[in-house]
Amino acid sequence: MRLGLQIPNLTWPNGPAGLGADLAAVARTADRVGFDYLALMDHFFQIQTVGPPEAEMLEAYTTLGFLAAHTERATLLTLITGVHHRPPGLLAKIVTTLDVLSGGRAMLGIGAGWNEEESKGLGFPFPPIAERFELLEETLRYVLQMWSDDDGTFHGRHIHAERLLNSPQPLSRPHPPIMIGGGGEKKTLRLVARYAQACNLFNTPELERKLAVLREHCEREGRDYAEITKTVYQFMDIGENGEKTGQLLDELRRLHDLGFDVAIGAVPQLPRLDVLERIGTDVIPVVRQF
């Protein structure tokens, strides 16, 4: 099993003036101690489960580009980009740029999106949920075409483009892997089976059923269920001094036994580097043996 670090909270003791140096140190340490994924939320206001909307929030892809320069091995992604945040051509170009400049370490994390407050606040479009799912499938088709040899036209219900030229193409082959976030059984998991290389689910009591539904969608799509990386959101909380390490390891083993390949989540003590170091010595070597 592999682990990923997500960084949702940027309200750190040194304030905005210290965020650059603090983020660089966190990314370098996480990369060095063995986290295989480094993820940011793609939000513009802080979300309610983390803090008030006025709390610090950086634009995700600009920040991932910054983190790429301070890391060498971790896969870089958002967990998860709302499909309505950026036009698909811009999104494909952004992820291509990240992939090229990071040496082939970009991943596209995408979903239907949900935070109406920030969209209305900043004047972003926020279509109804049914339309966002239509847009999600069109965007998946669009980016896959843009990352192929076909630079022709694209015409869908919501997206029309005359030439999907993308130069340079990503270094990742055949393209940057796509992760679709969310556990919707009728639409989201069907899209995973049809288009994605990875899914991301929240750690809820329904996990076993969600994986069974994904397997059923894969059978209907003629897709090998085993080739999809199953990731789960799990807090990486070992406590202030490592006292919760055993609990975390027990939960990670349970998730692995359910069928998950990767756990990604926040370390609540950030920006403390000693906690990352302890995870690197006491957790990561153990879970890699699962």
Side-chain angles (χ1 to χ4, degrees), residues 39 41-43 60-61 77-96 98-99 106-116 118-119 124-166 169-170 172 174-202 206 209-225 227-231 233:
M41 296 196 301
D42 188 19
H43 285 292
Y61 288 101
L77 70 153
T78 62
L79 201 66
I80 289 285
T81 284
V83 69
H84 58 292
H85 288 167
R86 298 167 189 82
L90 176 60
L91 180 61
K93 194 68 178 179
I94 288 169
V95 176
T96 297
L98 179 63
D99 194 69
M107 185 177 209
L108 171 59
I110 193 166
W114 62 271
N115 195 339
E116 184 175 10
E118 64 185 357
S119 291
F124 295 165
F126 192 76
I129 184 64
E131 184 176 331
R132 298 202 307 276
F133 270 106
E134 292 173 353
L135 184 59
L136 176 58
E137 183 159 15
E138 285 193 16
T139 296
L140 291 165
R141 291 172 40 225
Y142 182 111
V143 299
L144 287 170
Q145 180 179 331
M146 192 160 165
W147 287 336
S148 75
D149 295 330
D150 180 3
D151 67 353
T153 62
F154 183 95
H155 295 290
R157 181 174 180 180
H158 303 283
I159 304 166
H160 301 276
E162 296 304 319
R163 187 184 182 193
L164 301 196
L165 176 65
N166 192 34
Q169 283 285 7
S172 297
H175 54 76
I178 295 170
M179 172 192 287
I180 298 177
E185 297 180 9
K186 293 182 179 179
K187 295 182 179 179
T188 303
L189 295 179
R190 176 183 61 81
L191 294 176
V192 171
R194 183 171 293 180
Y195 297 104
Q197 287 68 58
C199 64
N200 185 257
L201 300 171
F202 284 105
E206 292 81 29
R209 189 183 76 244
K210 300 290 184 185
L211 292 179
V213 171
L214 176 59
R215 187 185 293 274
E216 292 169 2
H217 282 302
C218 286
E219 290 172 357
R220 283 191 286 270
E221 294 289 337
R223 181 81 183 277
D224 183 0
Y225 172 81
E227 74 180 26
I228 296 173
T229 300
K230 292 83 176 175
T231 80
Y233 192 89

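These numbers come from the heavy atoms of this one structure, side chains and all, not from hydrogens, waters or symmetry mates. From a predicted model like this one, the values you see are computed outputs, not experimental measurements.
You'll find the side chain of Cys199 stays beyond 4.5 Å of the side chain of Met179, heavy atoms only. By the 4.5 Å heavy-atom criterion applied to side chains, Arg223 and Arg194 are not counted as neighbours. Under the 4.5 Å side-chain criterion, counting only non-hydrogen atoms from C-beta, Leu77 is not in contact with Ile110. Looking at Leu211 and Leu201, their side chains come closer than 4.5 Å, going by heavy atoms from C-beta outward. Between Val95 and Pro176, the closest side-chain pair of non-hydrogen atoms falls below 4.5 Å. Annotation: side chain of Ile178 is in contact with side chain of Trp147 (closest heavy-atom distance under 4.5 Å). Here the side chains of Glu137 and Tyr195 are in contact, with some heavy-atom distance below 4.5 Å. By the 4.5 Å heavy-atom criterion applied to side chains, Leu191 and Leu136 are counted as neighbours.
Crowding of Asp149 atom CG: a count of heavy atoms from other residues, nucleotides or ligands under 6.0 Å not exceeding 12.
Side-chain atoms of Thr81 and Asp42 include a donor-acceptor pair closer than 3.5 Å.
Side-chain atoms of Arg157 never come within 3.5 Å of backbone atoms of Glu134 as a donor-acceptor pair (strictly under, hydrogens ignored). Of the possible polar contacts, one joining the Gln145 side chain to the Thr153 backbone as a donor-acceptor pair under 3.5 Å is found. For the pair Asp99 (side chain) and Pro170 (backbone), a donor-acceptor distance under 3.5 Å is absent.
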Side chain to side chain contact (heavy atoms under 4.5 Å, CB included) for His85 and Glu118? Distances and angles first, verdict last.
CA-CA 10 Å; His85 288 167; Glu118 64 185 357; 3.8 Å; yes
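Under the 4.0 Å criterion applied to side-chain N and carboxylate O atoms, Glu185 and Arg209 are assigned as salt-bridge partners.
Put simply, OG1 on Thr229 and CD on Gln197 are 8.5 Å apart, with the number rounded to the nearest 0.5 Å. One distance of note links NE2 of His43 with OG1 of Thr78; it measures 9.5 Å at 0.5 Å rounding.
Residues Cys218 and Ile228 come closest through the heavy atom pair SG-CD1, 3.5 Å.
Stacking of Arg132 on the aromatic ring of Phe126 is recorded, both the 6.0 Å distance cut-off and the 45° axial limit being met. Both the sub-6.0 Å distance and the 45° axial angle are satisfied by Lys230 relative to the ring of Tyr225.
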